[in-house]
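Notes follow the structure.
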Amino acid sequence: MNIIETDSQAKHLQEWLNSCVDEEIFHLNARSLYGTTPYEYLLYSPKISRRNDGRLRDRDLKKYQHIELGGWWCNGVDPLNNYALMMWGCFKPDHPRRDRQKIHKFIKYEHPYREETRTFFLLVPNRIWVKVSNRSGIPITEEDLQHPGGFWHWVWRHNVPVTIVEGVKKAGALLTAGYAAIAIPGVNAGYRTPTDEYGTAIGKPSLIPDLKHFATEGRLVNICFDQDNKPETVQRVRTAISRMGRLLVNEGCSLRVIDLPFGQEKGVDDFIVAKGQSAFDALYNTAVALELWEIKLFTLLTYPPSIALNQRFLGHLLVPEGEKLIILKAPKGTGKTEWLATEVAKAHDQERRVLIITHRIQLGEALCNRFGVNYVTEVHTNQTGTLLGYGVCVDSLHQDSLARFNPNDWSNDVIIIDECDQVFWHLLNSGTEVQKRRVSVLKNLKQLVQNVLGSTQGKIYLSSDEP
C-alpha cells in the first residue's frame, strides 16, 4: 500500500478540525507517522523483551504490524520534567487491530507498550493562552511569558481551574474553547491501585504523579467524561469519577462534575460540534460539586428509559406484555397513581393478586383505598381478606409481622413499590422497627423479586417521583 504523507496529514488534520480543535493546536502536538517510524514511539520501553541482537521479537512485530499503515501521534509537555516534550503519548492507527478479549471491538488508540500511562498537557499558542486567561480571570504576567514552562507552568502556578477529560482531542476542543483541559487516556487512568503479582489490590488507590502535581490546595477541578447508554459503562464511569474525585478532594481541590446530557454526542468535542460552545459554557457554569453529584446519582436511572414522554399526564401508557419490571419516573401530579390503578384492575381481571409495598403506613392505606385492595390491618375484618392481595409497609416483610409475610406465597402476581427510592432508603438506613429485622426483610424482598420475575406472568412496578 502506498502512503502519501501529505494526504495522511490532511486527513488527520481534518479529523481534529471536525472535533472543533484549533488548527495550530493540532500542528503543535500531533504528527502523521507511517512505515517503521511508529515503532520508535510505541515500542521503546526497556521492559520489552528483545532478541540478543536488540531486534523486537516476532510476536510483537506481528502484533503491531498494523501501525506501519500509518496514523497520527500526539503527546504534550511533561510538567514533571521541566515541561520538556513528553516521550509518552498516543497513536491512533488508520487501520486499528482487533481486541483479543473483545473480538468485535477494535483498539482505537495505542500507547507505548509496557509503559505506565501518563497525562496529556497539550501545547497551546499564545492566543489560546490569552483566551483561557480571559475566561478564568487570571492575568498572565511577563514572568509567566518568559518562563520555559509557558502555559502549563502558568496554570500550575496560579491555580487556574482545570477540566479533566478522557481523550486528547477532547482536551484540544476545550482548550480551543478557552478552558485549561487535561486529558487522561481512560476514565481509570487518573489513579493507580497497587497490586501483587496476581493482580490483587494490596493498597489504596492514589493519584498518578501528573495529576497530583496539579492537585494543589484550593484549585477548582472539573471532571467531564463521556456519556454512554450502556449500563455497565455508565456504572464504570461513575465509579471512576467518584474515586478520582475523592482523591483530588483529599488534596484540597474543589471538585465539580460536568454531566453531558444523554444524546447522540458521547464526548465533549461531539457535544460542542452539535450544540455549540455556548451550550457547553452553560453546562460548565451549572456543574455540581462532587458531593451533590453523588447524592443525585441515587435518583438517576442506570438504564436509559424505553419510553420518554413530554406531556402533562401519563395518559394511556402501553407497556409491552412481556415486560416484567416496569419503572415509572415522573413528577407528582402526572397521573402515576391513576395509571397504576388501571394496571391493578387488569391484574384482578386476570385473577392475579396485588402486593403494595410502601415506606409509610398512611401512604399504603391511601393507595390500597385507591386500588380497591385491603391494607394488612384490614384483611381479618374485611370479607375479601387477601383474595385481591393487600398493602403493607416494607418493615413488615417478615414472618413475625401482622402480615405473616412469606415471599414464597407470591409468584404470578403484581408487586407495586411506590416511592421506591424512599422505600429502599428507609429499608437500608432507617433506625425504626425495621432496623431489628433488616436482614430478614432484605432476604425476603430478594426472594420475592426472584419469585415474581421468574414466574410466567408476574410483574413488578417501581414508582418514583422526580425531584
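We use all heavy atoms of the structure for the numbers below, so side chains are in, but hydrogens, waters and symmetry mates are not. Predicted, not measured: the structure shown is a model, and the values here were computed from it.
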Check your understanding: Among L28, V21, N29, V77, which residue meets the side-chain contact (heavy atoms from CB on, under 4.5 Å) test with L122?
Key -> N29

**Study point:** Pair listing, salt bridge (charged side-chain N to carboxylate O under 4.0 Å, His left out) test, anchored in residues 173-197, at least two apart
**Key:** E116-R192

Point to revise | Qualifying salt bridge (charged side-chain N to carboxylate O under 4.0 Å, His left out) pairs, either residue in residues 205-218, two or more places apart | key: R118-D210, K212-E251

Only distances under 3.5 Å count here; give the side-chain donor-acceptor pairs of residues 174-190 to other protein atoms, sequence neighbours excluded, each with its distance to 0.1 Å.
{"residue": "T176", "atom": "OG1", "partner": "D22", "partner atom": "N", "Å": "2.8"}
{"residue": "T176", "atom": "OG1", "partner": "G172", "partner atom": "O", "Å": "2.7"}
{"residue": "Y179", "atom": "OH", "partner": "R135", "partner atom": "NH1", "Å": "3.1"}
{"residue": "Y179", "atom": "OH", "partner": "D281", "partner atom": "OD1", "Å": "2.5"}
{"residue": "N188", "atom": "OD1", "partner": "Y191", "partner atom": "OH", "Å": "2.8"}

Exercise for review: Give a yes or no on whether a salt bridge exists between E343 and K459, defined as a side-chain N under 4.0 angstrom from a carboxylate O.
Suggested key: no

**Study point:** side chain to side chain donor-acceptor pair (under 3.5 Å): pairs with one or both residues in residues 435-444, sequence neighbours excluded
**Key:** D400-R437

Check your understanding: In terms of side-chain heavy atoms, does H111 have a donor or acceptor partner in E115 at a distance below 3.5 Å?
Key -> no

Point to revise | Within the 6.0 Å centroid threshold, strictly below: W156 and H213 | key: yes

Review point. In chain order, what residues pass the salt bridge (charged side-chain N to carboxylate O under 4.0 Å, His left out) check against R97, with sequence neighbours excluded?
Key: E110

Revision key, fill the gap. Rounded to the nearest 0.5 Å, the OH atom of Y284 sits from the CD1 atom of I258 at a distance of 6.5 Å

Point to revise | Under the side-chain hydrogen bond (donor to acceptor under 3.5 Å, both in side chains) test, residues paired with H12 that sit two or more places apart | key: S32, D94

Practice item. Count the heavy atoms belonging to other residues, nucleotides or ligands that lie under 6.0 Å from NZ of K105, then report whether that count exceeds 12. Key: no

Review point. Near N81 CG, under 6.0 Å, is it more than 12 heavy atoms from other residues, nucleotides or ligands?
Key: yes

Review point. For S19, which residues count as a side-chain hydrogen bond (donor to acceptor under 3.5 Å, both in side chains) partner, sequence neighbours excluded?
Key: D269

Check your understanding: Who passes salt bridge (charged side-chain N to carboxylate O under 4.0 Å, His left out) against E166, sequence neighbours left out?
Key -> none

Point to revise | Donor + acceptor pair across side chains of D418, S463 (<3.5 Å) | key: yes

Check your understanding: Would the number of heavy atoms belonging to other residues, nucleotides or ligands and lying under 6.0 Å from CD1 of I361 be above 12?
Key -> no

Review point. Distance from S49 atom OG to R59 atom CZ, nearest 0.5 Å?
Key: 5.0 Å

Review point. Can you pull the salt bridge (charged side-chain N to carboxylate O under 4.0 Å, His left out) pairs that have at least one residue in residues 149-160, sequence neighbours excluded?
Key: E143-R157, D144-R157

Check your understanding: Can any side-chain N or O of N451 pair as donor or acceptor with the backbone N or O of P407 at less than 3.5 Å?
Key -> yes

**Study point:** Qualifying residues under ring-ring contact (aromatic ring centres under 6.0 Å, His included), relative to Y41, sequence neighbours excluded
**Key:** W73

Review point. With sequence neighbours left out, what residues match K131 under salt bridge (charged side-chain N to carboxylate O under 4.0 Å, His left out)?
Key: none

Revision key, fill the gap. Rounding to 0.5 Å, atoms NZ (K63) and CG (L43) come to a distance of 8.5 Å

Point to revise | For E40, side-chain hydrogen bond (donor to acceptor under 3.5 Å, both in side chains) partners two or more places apart | key: none

Review point. Above 12 or not: heavy atoms from other molecules or residues under 6.0 Å from CZ of R100?
Key: no

Exercise for review: Quick one: sort the W72 and W16 rings into parallel, tilted or perpendicular, breaks at 30° and 60°.
Suggested key: perpendicular

Exercise for review: Apply the test side chain to side chain contact (heavy atoms under 4.5 Å, CB included) to residues N18 and K169: give CA-CA distance (whole Å), side-chain angles for both, the deciding distance (0.1 Å), then the verdict.
Suggested key: CA-CA 10 Å; N18 291 343; K169 284 192 298 180; over 6 Å; no

Point to revise | Ring-face cation contact, F225 with R238, 6.0 Å cut, 45° max | key: no

Check your understanding: Between Y461 and W339, how do the two ring planes meet: parallel, tilted or perpendicular, split at 30° and 60°?
Key -> perpendicular

